[in-house]
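This report refers to the structure that appears directly beneath it.
So that the names make sense, note that chain A is the first sequence line, chain B the second, and so on, each numbered from 1. The figures here come from the full heavy-atom set of this structure, side chains too, leaving out hydrogens, waters and symmetry mates.
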Number of protein chains: 2
Amino acid sequence: MSFQFPAVPARVLRQDVLAVLRKAILEGDLKPGDRLLEADVAAQMGISRAPVREAVRQLEQEGLVDFQPHRGSTVLGVPNEEIDAIYELRAELESRAIRRACERITDEQIEELAEHLHRMGRAVEAGDYSAVFEADHAFHATIQRVAGYRLLRRMWESMDGLVRVRSYQAFEGEGPANKYFRRTAVSSHVPILAALRARDADAAEKAVRDHILEVSERIQAEDSAAAAHEVHAAAR
Amino acid sequence: MSFQFPAVPARVLRQDVLAVLRKAILEGDLKPGDRLLEADVAAQMGISRAPVREAVRQLEQEGLVDFQPHRGSTVLGVPNEEIDAIYELRAELESRAIRRACERITDEQIEELAEHLHRMGRAVEAGDYSAVFEADHAFHATIQRVAGYRLLRRMWESMDGLVRVRSYQAFEGEGPANKYFRRTAVSSHVPILAALRARDADAAEKAVRDHILEVSERIQAEDSAAAAHEVHAAAR
DNA sequence: ACATCGTAGATTGTCGACATTCTACGGCGG
DNA sequence: CCGCCGTAGAATGTCGACAATCTACGATGT
């Protein structure tokens with residue numbers, strides 16, 4: 001039999017805690033400046049502090065929380081001045097990945113990507129932002145998996161939260177970026193899929209770069225709009 | 001008084017363990033494939049498993065060890081195919097940092113950099129490779145500190161081990177890269193320092209990029225030489 | 001009023017023990 | 001001889017307790 005089941009990793013508490021905390025930060029339930037008290041989190045989840053500690057340490061590595069010895073951890077925001085660089089690094093990681101994915105991807109995996117896109121489309125229709133981001137993550141994560149780079153993939157995973165915090169807010173918010181995202185969430189992925197189907201590495205890289213840098217610009221435009229609004233409000 | 005003491009962070013066991021383990025990997029005392037048994041490490045260090053666990057988790061985030069739930073952790077090597085991308089990301093991080101450092105660096109901080117270079121020079125003379133790398137790390141870390149980017153600095157720190165593993169081996173080994181490193185370790189940093197003195201951001205970025213990409217090429221050349229040697233040996 | 005010091009409460013750091021899971025090995029049946 | 005199963009040992013996962021450290025607040029003295 002050529003069919004293979006995907007490896008299902010053993011789940012441990014730490015991973016569940018990590019997923020819950022990360023989601024809370026991404027969706028804005030935990031805001032920058034909020035403190036994360038290990039004992040409270042553990043008590044609320046009905047577990048001991050050990051897995052909570054490990055999850056918080058990983059969030060620190062991902063840049064989502066700040067941590068000082070003996071002083072605990074607080075949720076971090078992403079400074080405007082670093083967004084540009086972060087998205088450029090992201091684009092570089094995705095470019096390398098998709099070039100290699102072009103050489104290796106199977107037809108079945110292409111169908112998997114198409115399925116993620118369909119799911120994303122339905123989620124956009126339903127206004128289920130959480131599901132939109134889940135589908136987007138699955139789409140790009142599949143590309144990383146197909147590419148098969150160990151370390152680049154790890155770095156990609158590691159900066160994923162950082163990349164999504166701001167875009168999540170922009171998508172969910174009422175600003176000008178909201179309509180843009182609703183309109184282009186799916187369509188901006190189509191050229192990527194098409195290039196993969198054609199196994200055209202150059203086109204695929206261009207499609208990915210355009211996609212990512214476009215998101216970056218949208219977020220920074222949202223910033224500028226918000227800043228202008230601030231100034232305007234302050235001037236009144 | 002305008003003088004300020006640098007903040008001295010509270011030291012906790014985890015950080016010492018992390019430093020020891022990381023150094024052991026970088027210097028080759030722990031080789032790719034070696035297993036890291038928490039209980040053994042803890043016993044040898046005379047402490048409990050808790051701080052060891054946290055240190056190992058961080059090494060996993062840094063890409064130096066692989067970790068699977070319930071199966072423990074093993075030391076990882078850096079695949080040749082990923083070196084190019086890793087150094088390119090590194091160059092991007094350092095470029096952004098030095099541009100900002102150019103705007104912010106004080107004369108005292110420039111002297112601090114010069115001091116690190118002197119130390120590096122003496123270490124090269126003495127053949128103390130460990131000290132060379134310590135000075136190099138201090139030099140670049142100072143630039144990151146001066147630049148003041150929170151997240152980019154964290155990412156820089158996080159990939160530091162990955163970047164140094166291979167160059168450490170090449171420097172310490174007997175290959176052609178050894179002589180190159182002895183000759184250029186200090187001199188390749190001089191243009192960076194000069195550009196900072198002149199507050200010339202463009203020149204500084206170019207100097208940094210050249211420096212990093214040069215190291216990348218040397219390491220990959222060492223690879224090719226080693227691979228050719230392998231083939232030659234196999235053909236005999 | 002002001003700065004310093006000391007203490008009590010809160011929070012994180014570390015520890016040792018136990019639970020859960022993996023791995024290797026040997027018995028058992030075919 | 002070969003494959004399957006169960007078990008024993010080893011390693012990691014989680015827990016609860018205690019130690020070390022920080023923070024806020026009030027006493028003390030000037």
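Under 4.0 angstrom from either OP1 or OP2 of D:dG13 there lies at least one side-chain N or O belonging to B:Arg53. Note on A:Arg57: a side-chain N or O is less than 4.0 Å away from OP1 or OP2 of C:dG13.
Between the CZ atom of B:Arg71 and the P atom of C:dA24 there is a distance of 11 Å, given to the nearest Å. Separating the CD atom of A:Gln68 from the C1' atom of D:dT23 is a distance of 15 Å, rounded to the nearest angstrom. One interatomic measurement links the two molecules: CD of B:Gln15 to C1' of C:dT14, which rounds to 14 Å at whole-angstrom precision. Spacing between atom CD of A:Glu38 and atom P of D:dC15 amounts to 14 Å, rounded to whole angstrom units. The NE2-C1' distance, from B:His70 to C:dT21, rounds to 5 Å in whole Å. Summarising the geometry, the separation between CG on B:Leu18 and C1' on C:dG13 is reported as 16 Å, rounded to the nearest angstrom. If you take CZ of B:Arg11 and C1' of D:dT21, they are 16 Å apart, rounded to a whole angstrom. In this structure, the CG atom of A:Leu36 is 19 Å from the P atom of C:dA10, given to the nearest Å.
With a 6.0 Å cutoff to the six-membered ring centre and a 45° limit on the axis angle, A:Arg96 does not count as a cation-pi contact of A:Tyr149.
Closest to the B:Leu37 side chain, of the nucleotides D:dT12, D:dG13, C:dC15, is D:dT12. Minimum atom distance to the side chain of A:Arg14 is reached by D:dG13, of the listed C:dT12, D:dG13, C:dC15. Checking C:dG13, C:dT12, D:dG13 against every side-chain atom of A:Pro69, the shortest atom distance belongs to C:dG13.
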**Prompt:** Yes or no on side chain to side chain donor-acceptor pair (under 3.5 Å) for B:Gln220 and B:Ser216, after CA distance, side-chain angles and deciding distance?
**Reply:** CA-CA 6 Å; B:Gln220 293 183 62; B:Ser216 170; 3.0 Å; yes

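Between the side chain of A:Glu82 and the backbone N or O of B:Arg150, at least one donor-acceptor pair lies under 3.5 Å.
Nearest-nucleotide assignment on DNA chain C puts the 5′-proximal partner with A:Asp40, out of A:Ala10 and A:Asp40. In terms of position on DNA chain D, the residue among B:Gly72 and A:Gly46 whose nearest nucleotide sits closer to the 5' end is B:Gly72.
The existence of a salt bridge linking B:Arg90 and B:Asp160 is confirmed by a sub-4.0 Å separation between a basic side-chain nitrogen and an acidic carboxylate oxygen.
Residue-to-nucleotide contacts include a donor-acceptor pair under 3.5 Å from the side chain of B:Arg49 to the base of D:dG13.
Ring geometry, A:Phe139 versus A:His189: the interplanar angle exceeds 60°, so the pair is classed perpendicular (tilted spans 30 to 60°).
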